[in-house]
There are 2 protein chains.
Amino acid sequence: MSTAIQTRNTRQKEAIRAAFLEADRPLSPEEALIGAQKQVQAVSIATIYRNIASLVEEQWLTTVDVPGHSSRYEVAGKAHHHHFQCTSCNTVHELAGCVMQTRPKLPRGFTYTAHEFFVYGTCADCKNNS
Amino acid sequence: MSTAIQTRNTRQKEAIRAAFLEADRPLSPEEALIGAQKQVQAVSIATIYRNIASLVEEQWLTTVDVPGHSSRYEVAGKAHHHHFQCTSCNTVHELAGCVMQTRPKLPRGFTYTAHEFFVYGTCADCKNNS
DNA sequence: GTGTTATTGAATTTGAATTATCATTAGTGT
DNA sequence: ACACTAATGATAATTCAAATTCAATAACAC
């Protein structure tokens, strides 16, 4: 992919930004496509990938790596938090705060730089529709 | 992939089991290949995949989903623990215990079933060789 | 409005991880 | 040892996310 930031304000890029703001949870490229198509009928998935890459580069989005699934993206600049994934519909949601009370004990010679925490379960929508 | 458990005791399967026992950390299929080849010179990567699938099915191995990387596998039946991934060499290591003190607070209507915790940093080998 | 050129859409291609194919090899019960 | 057939090895095929291609379109500076 070209690594340059896309500078023009296109309807598509605006629709993609709106999709992330409206969802208020980490979205996969496919989910971002569905969200963006609410504003622009025929956005291409390629445009989604291009603009996500651009928005990540300009630090408007950050990447959320999900174990065993494709990456999600969320609006950048939020406070330290972690994520919840519904084991039924695979949507990812934001969790407030952090349950880590103490620095994890690492083996001798290991250095800590960061941590990620994932909670699994059923989201409200899936619980209601079952 | 065929879903049947492989029941015969082949040199290759034994070598694969030995690789996991010796490593004592979650291995990727590629890592398992390298480990198994210490006992059997020309194991095929296809055999690694077949036997890992079989060993997972017979619950001798469990899958470790790693954010942003391919799955690792570890010997099953261990106590609750989490994992460390070296950001330099990408190896995954086992961490003793669990730093989660309190159940995470979930949004209204969400149900908890499990959690995963990943610590990132530099492993001892990489710290020494830098 | 016009011209320039970045961006898009649609389809194709890539790359990697994993799975399938099939002839050959080797476990296993007898 | 023999027969049966599961497992292997080597490679091809598949999958799927992500990147690329290129002609058509549309931002934006003037």
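Below, chains carry the letters A, B, ... as their sequence lines are ordered, and counting in each starts from 1. Computed from a predicted structure; not experimentally measured.
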Given protein heavy atoms under 4.0 Å, the one-letter contact record of nucleotides 25-30 of chain D, with B base, S sugar-phosphate only and - none, is simply -BBS--
With sequence neighbours excluded, what pairs up with A:Lys38 under the side chain to side chain donor-acceptor pair (under 3.5 Å) test?
none
Does any non-hydrogen side-chain atom of A:His93 lie less than 4.5 Å from one of B:Leu106?
no
So, do B:Arg72 and B:Glu31 sit near enough that their side-chain heavy atoms are less than 4.5 Å apart?
yes
Using whole Å, report how far CD1 of A:Ile48 lies from P of D:dA19.
14 Å
Whole angstrom value for the distance that separates C1' of C:dT14 from OH of A:Tyr49:
13 Å
Between P on C:dT8 and CD1 on A:Ile52, what's the gap in Å once rounded to a whole number?
12 Å
Check A:Leu21 against A:Val75 and note the closest heavy-atom contact, atom names and distance.
CD2-CG2, 4.1 Å
Given the rule that I, L, V, M, F, W and Y join up when any side-chain heavy atoms are under 4.5 Å apart, are A:Tyr112 and A:Val99 in one cluster?
yes
Between B:Pro104 and A:Val119, the two heavy atoms sitting closest are CG-CG2, 3.7 Å
What pairs with B:Thr62 under side chain to side chain donor-acceptor pair (under 3.5 Å), at least two apart in sequence or on another chain?
none
Rounding to a whole Å, what distance do you find between B:Ile45:CD1 and D:dA7:P?
18 Å
Less than 4.5 Å apart, side chain to side chain, heavy atoms only: is that true for A:Pro29 and A:Tyr73?
yes
Separation of atom CZ in A:Arg50 from atom P in C:dG9, rounded to whole Å:
8 Å
Check: residues 78-88 of chain A side-chain donor-acceptor pairs under 3.5 Å, at least two apart:
unit_1: A:Lys78; atom_1: NZ; unit_2: A:Asp24; atom_2: OD1; d: 3.3
unit_1: A:Lys78; atom_1: NZ; unit_2: A:Glu94; atom_2: OE1; d: 2.9
unit_1: A:His80; atom_1: NE2; unit_2: A:His82; atom_2: NE2; d: 3.2
unit_1: A:His80; atom_1: NE2; unit_2: A:His115; atom_2: NE2; d: 3.3
unit_1: A:His81; atom_1: ND1; unit_2: A:Ala79; atom_2: O; d: 2.6
unit_1: A:His81; atom_1: NE2; unit_2: A:Glu74; atom_2: OE1; d: 3.3
unit_1: A:His81; atom_1: NE2; unit_2: A:Glu74; atom_2: OE2; d: 3.1
unit_1: A:His81; atom_1: NE2; unit_2: A:His83; atom_2: NE2; d: 3.3
unit_1: A:His82; atom_1: ND1; unit_2: A:Phe117; atom_2: N; d: 3.4
unit_1: A:His82; atom_1: NE2; unit_2: A:His115; atom_2: NE2; d: 3.1
unit_1: A:His83; atom_1: NE2; unit_2: A:Glu74; atom_2: OE1; d: 3.1
unit_1: A:Gln85; atom_1: NE2; unit_2: A:Asn90; atom_2: O; d: 3.2
unit_1: A:Thr87; atom_1: OG1; unit_2: A:Gly121; atom_2: O; d: 3.2

Contacts to DNA chain C from residues 30-42 of chain A, heavy-atom cutoff under 4.0 Å, which residues?
A:Ala42
Grab the two heavy atoms, one from B:Gln37 and one from B:Val43, that are nearest each other, plus how far apart they are.
NE2-O, 3.4 Å
In this structure, how many angstroms lie between the P atom of D:dA18 and the CG atom of A:Leu55, rounded?
15 Å
Per the under-4.0 Å heavy-atom filter, residues of residues 63-72 of chain A near DNA chain C come out as none
